[in-house]
Structures are given as structure tokens and as C-alpha cells.
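Everything on this sheet refers to the single structure shown next.
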Amino acid sequence: MPEEKASQARGGYFGPYGGRFVPETLMSALAQLEREYRAAMADEGFRAEFERCLREIAGRPSELYFARRLTEHVGGARIYLKREDMNHTGAHKINNTLGQALLALRMGKERVIAETGAGQHGVATAMAAAVFGLRCEVYMGTEDIRRQALNVFRMELMGARVVPVESGQRTLKDACNEALRDWMASVEHTHYIIGSVVGPAPYPEMVREFQSCIGREARRQMLEAEGRLPDLIVACVGGGSNAAGIFAPMIADEQVRMVGVEAGGRSMKLGDHAASLVAGEPGVLHGSLSYVLQDDEGQTAPVHSVSAGLDYPGVGPEHAYWKDIGRVTYTTCTDEQAIDALCLLARTEGIIPALESAHAVREAVRLAAEMEPDQIVLINLSGRGDKDCNEIAEILKRRETKES
Amino acid sequence: MTDLSDNRLVKVFSELRAAGKKALVPFLTAGHPDLQTTEAILIDLERRGVRVAELGIPFSDPIADGPTIQASYTEALAAGVTSQAVLEMVRRWRAGGAGLALVAMVSYSIVFRCRPEVYLRSAADAGFDGLIIPDLPLEEAGNLEPLAAADGLANVMLIAPTTPPRRRVEIARHSRGFIYFISVAGITGERERLPEDTIRAVGELRRHTDTPVCVGFGISNPQMVAAVCEVADGAIVGSAIVRRISQHKDLPTDQLVAKVGEFVGGLLEPIA
Ligand SMILES: Cc1ncc(COP(=O)(O)O)c(C=O)c1O
């Protein structure tokens, strides 16, 4: 596979980034996970079972969709959408939770835990736990529980327990801390299903591999539809899993430009956004060395985004590497721009994207407008927006009252 | 490179061993409720016979810590305590003639951000004798070990109940000052009893190393201190002390110091 060469994790490192900065208590579990993960990936039986789950449970392959009316509206490059929003449970997160749940079974662990921001990863974990008969607890900040009430209900319907997290800013970072603390005490019988390409090795590499079905399919589908690869791929970046999943299988195709879009929030003042790659600096958070939003003393900074899934002060270490070597460009999109892009896609294509994915839509539309009609832009539409409807309704109402 | 023979931590433990004595290692969160109080408590503890203490550097995301220590970190940070201010306090305290061996418990996030060589040099200059970096396991500690040694700092490493036997010996070989043996898989916080395994495991470890072994996580009363010190060189008590400081933080400083002192005095009794 060509992508292996460009982004091989050397001992859990991507260039200078990555590593395993965790308490000793977790080290043997990470070693076990690494062993089992490598053995599983070398095992035809495991790979076949994973493929079957992706097909029968997630509903893969997801469609590659030519957004004709959006393309006409923009009047630039041809815009395609990789429809991860059409997966079972509504986002790309399921690709990873199926892979990790299979690993949990393989390791003989009967309980899984997860952190969640938007709730999509929590829902995808709860679903996988239900399918495989695992006990499941999901840590979620109380601010996100408020913003994503529908997903809390879905998780509980599927038998998971949602554990409210009151510490810190009560969002994704804090949920991550609590999940790690749970794992410290439960590590013998519990697997921690991390929801993105973050955390200590082998998580960043493993989650990227489980998500790489997105890019492998998209590559094949683009070749079928257009006879060539896209000129540009755009994906939103929270922890970076949907972006890594679509980038990695084409990272060695040098003609393909790649852009990752981070949450620009309210402004680029520290505390008002969640753009770790654009505005952060190298630091250590949640077990790996990568770009982090932090103060001069290494204290993690508060972050903000309208989308709970991007509201995170860190980012996967492989993205840090891709940024430094100049392979991928990272930009931002504000809360307001994301909401406008969401409305635009809804009106032109009848697709309500997740607020996270709307960040990618906005940047792709902006770039496509400057490109030629024979060029191709591919957007990773990482999830659907049902979960965000209440939040969006409130924001649009506030906008109306401001205008009138 | 030094052999750390001048290091206060190393000296204290060899003196204790020579005298057939054990160490009680109290943990305080630096700047909780404020840095002046932390300094006053350190002075009082030394007067009561404590020889080694641990100072937690407040961090926004301490994943190895339970609710009590987390809350103390959050409060200290909210009150504006910075790691630079902690170093200043330690410098002042040392200048006042303090002889305690002092170990910083500090996240690698802070050390890395400040640059390891800079952080270690300033910690040594301020008067710290050792470091415990709970999120810097053996595999990642390679660069730090020579830096610590060059500054005369003991890099104390941790062994967990989940650490496999051979790895325990390997960690013991790298640890300086003492070995921090974590008594339970989990986070810091008070517990009722020590797991039986801990005592056995510490005994086993001591057959492989001459480096002193201290046991921490969950130790909350004199009985547990006594049990731990049957086999180990010392007992580390954190949350039980921090909780008392939280409880009494609104008292005038001298009364708060006395409350903490009384509790630590009780912990010292079984090993007096
Ligand atoms: C639909 C959707 N897209 C993107 C993300 C961000 O995560 P990542 O950057 O790992 O893809 C989330 C996270 O919850 C999500 O739900």
C-alpha cells in the first residue's frame, strides 16, 4: 500500500510527534493493545470479519455523490461528497468503533468505555457494544449533554450508560480525562475505545487504519466516476479521524492537495476557537505529543466551537507531522460560516450535514469557487446534522431577533 | 554526570536505612490554598520530623489524580498559581534554611512546554531534589534521565500493580532517589485498606533492588502507614492530607497549619 510509506508510525511516532505519555498503570494495556492490533491486522480472518461488519452493520461502502446543484451554485470546480453521513448511526465514527469492538472481543475484555463530544462517537460505541454484547459506559461533558440531548437518548436506548462529566469546561477534553481515569482502574477487563486519531500509541495509527476505508473507497470511486483522483480533498479536523481516514490512502498521490479545517469559533483569540494546528504549539495532551492549545506554562487552554465534535484543544499527532512537512494545509472556519454552509448544503442538495462537517463544506466551497470547472473537489461529509437541529434552531432564532 | 551522592533525597534515605527507620512522605498541592500556606506547612512538617515531602505542581488535566487532588489543582490554578511562582516559593523556603528533601510531582505537559532542560535546571536551582513525572514512562524518559542527573535531580519512577515482573526490575534500575510503588490500579484517592498483593509485591521487588521503595495511592491513616512500612522504606500520603487542607482552608493560616500538622503527626507515630 502506498500510504504505508508516507506515514509509517515509527515506534508510535510520526516524525517528532506521537509517543505514549501516560501513567505507568496503562502501559501494559497499551502494549497488549499494540500486540493484539498488529496480530489482528495480519490475520485474514480478522480483516474479513471487519470488512463484513463494515458492509453489513455500517452499510459500507458509503456513496460518492456528485453535488450538482452545489457545484452550479458555486460556479467553480466540480464538488463531490463522500457520504459518511449515510453510514448507520450517522457519521464516520462507526468505522472505528466496529474495529475496536472486534479487538476488545479478541482481547477477551467484556466492557468498553468511550469519551464523546458531539455524541456521535458515543452512539457508535453504544451501537457496537449492543451488537457484540459488551457492557458500555460513555463519558460526556455536561455542556455537551445539553447540546446533544438526542444522542444521549440514543446511547441510553442502546443500553449504554452515559456518565456526566462536571470537571473543567465540561466538554470533550474533560470527558477524555474521565475516561482515562476510569481505564486506570478498570484496565484489566475494560477496553477504552478512543474516538479519534489521538491518545497514546497505538491509537493514532490504529484509528487511522480503521478509518482508512473512507479514503480507499473514495479513491476507487473517484477513479470510476471521473477516471482520475480529485485535485483537492477537504475534511474537518477535531481530533482528526475523518480527515486521516480520507487523506491517508491518497497521501502518496502528490497531485492531490489536502486541506484540513479546524474550528475557528468566535474569533482567533485563545479561548474563542479550537484550532490546535493553526494556532497551537507542540505540547503533550492525553498521551501524545502534538499541537495543543495551551498557555505558556503548559496548562491546556479553554476552547470553543459551535460544534461539540471539534471542541477539543488537541489534535492527532500524524496531522502535526503532515502540517510540518507541508503535505496538508490546515485552515479554520468560524461558527457563523459553518452555520451558513450547513444551510447552503441543505438548500442546494437536501443534505443537512453535521456542524462539524459543515466546516469542511464552507472551506471547500470557498476554494472551489477559485478553481476551474474541470477541476475536482472532494469533501468528506463526515456526518449528518440531525443531532444539531435543536442547537441550529436556537442559533437561527437568535440571528433573526438580532436582525429585526 | 553525578552519582547523586550529594542529593538530599539519596542522603535522607541512606540515613534512615542506617538508623533502621522509615519515611512518611506527605504530598501537598503547591499553592493550595495559597503558596504562603504551602510554605508554612512545609516548615511545620519538617519541625515535626518529616524528612521527605512531595509537592504537586497544579495542572489542568491530571489524569492520574482522583477528585480530591484534581479539585485542589483546579482551585490553585484558578487562584493564579503558576509553576514559576511555585519555584519562587521553593527558592524562598530553601533560603530560609529548609532541610527537607523535596520532590516535585509534575506533568510532562508542563516540563515539555517549558523545555525539559530549562525546567529541570530551574527546579534544581530553586531547591527541588527530585522529580516524579507520572506521565513519562520508561520508554519516553530516555532524554530526561541524563538531564536530571546533570542537574543533580533524582528522577523518581513509578511501578504499578499492572507492571509485569520484568519491567518492574527494569524501572527499578532506572529510578533514582526512591521507587514509587503504586498500591492500586487506578487514580489517587483515599482507600480503606491496602490490597494484600501490594505487601507481597513490594517484598518481591526489594529482592531485586537496593533503591528505597515508597508506596503511595490510597494510604489514608496511621494503620496503613504502619502496614506499608513493614516492607517498604516509606509511605506516601496525598489525598488524605489535601482533603484536610480543603476542609480547613478558611481557617487562619496558623490554625490550618496546626490541623494539617496534627494529622501528619498521627501518621508519623507508627514509624517514630
Ligand atoms: C460528524 C463528525 N465529524 C467530525 C468529528 C470530529 O472528529 P474527527 O476530527 O476525529 O473526525 C466528529 C466528532 O464527534 C463528528 O461527529
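So you know, we letter chains A, B, ... as the sequences are listed, proteins then strands, and number each from 1.
For the options A64(B), P134(B), G66(B), P164(B), heavy-atom pairs under 4.5 Å to chain A are most numerous at P134(B). Comparing V292(A), V187(A), V284(A) by how many heavy-atom pairs each has under 4.5 Å with chain B, the most go to V284(A). Between chain A and the options A160(B), A185(B), A71(B), heavy-atom pairs under 4.5 Å are most frequent for A185(B). Comparing L158(B), V184(B), I182(B) by how many heavy-atom pairs each has under 4.5 Å with chain A, the most go to L158(B). Chosen from L77(B), V111(B), L136(B), the residue pairing most often with chain A at heavy-atom distances under 4.5 Å is L77(B).
Listed by chain and number, the residues in a ring pair (Phe, Tyr, Trp, His ring centres under 6.0 Å) with H121(A) amount to none (sequence neighbours excluded).
The contact between P137(B) and chain A is made by backbone and side chain atoms together, counting heavy-atom distances below 4.5 Å. Using a 4.5 Å cut-off between heavy atoms, I159(B) touches chain A through its backbone atoms (N, CA, C, O) alone. In this structure, chain A has heavy atoms under 4.5 Å from both the backbone and the side chain of P62(B). Using a 4.5 Å cut-off between heavy atoms, P282(A) contacts chain B through both its backbone and its side chain. Using a 4.5 Å cut-off between heavy atoms, F112(B) touches chain A through its side chain atoms alone.
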Can you pull out all donor-acceptor pairs below 3.5 Å that join chain A and chain B?
from	atom 1	to	atom 2	distance (Å)
Y13(A)	OH	E140(B)	OE1	2.5
R20(A)	N	E140(B)	OE2	2.8
E24(A)	OE1	R167(B)	NH2	2.9
E24(A)	OE2	T163(B)	OG1	2.8
E24(A)	OE2	R167(B)	NE	2.8
T25(A)	O	T162(B)	OG1	2.8
S28(A)	OG	T162(B)	O	3.1
K173(A)	NZ	D61(B)	OD1	2.8
K173(A)	NZ	D61(B)	OD2	3.4
N177(A)	ND2	D61(B)	OD1	2.8
R181(A)	NE	P62(B)	O	3.4
R181(A)	NE	D65(B)	O	3.1
R181(A)	NH1	Q70(B)	OE1	3.3
R181(A)	NH2	P62(B)	O	2.9
M184(A)	O	G186(B)	N	3.2
V284(A)	O	S109(B)	OG	2.7
D295(A)	O	R113(B)	NE	3.1
E297(A)	OE1	S83(B)	N	2.6
E297(A)	OE1	S83(B)	OG	3.0
E297(A)	OE2	S83(B)	N	3.4
E297(A)	OE2	S83(B)	OG	3.4
E297(A)	OE2	Q84(B)	N	3.1
Q299(A)	OE1	S60(B)	N	2.8
Q299(A)	NE2	P58(B)	O	2.9
T300(A)	N	S60(B)	OG	2.9
T300(A)	OG1	S60(B)	OG	3.3
T300(A)	OG1	D61(B)	OD2	2.6

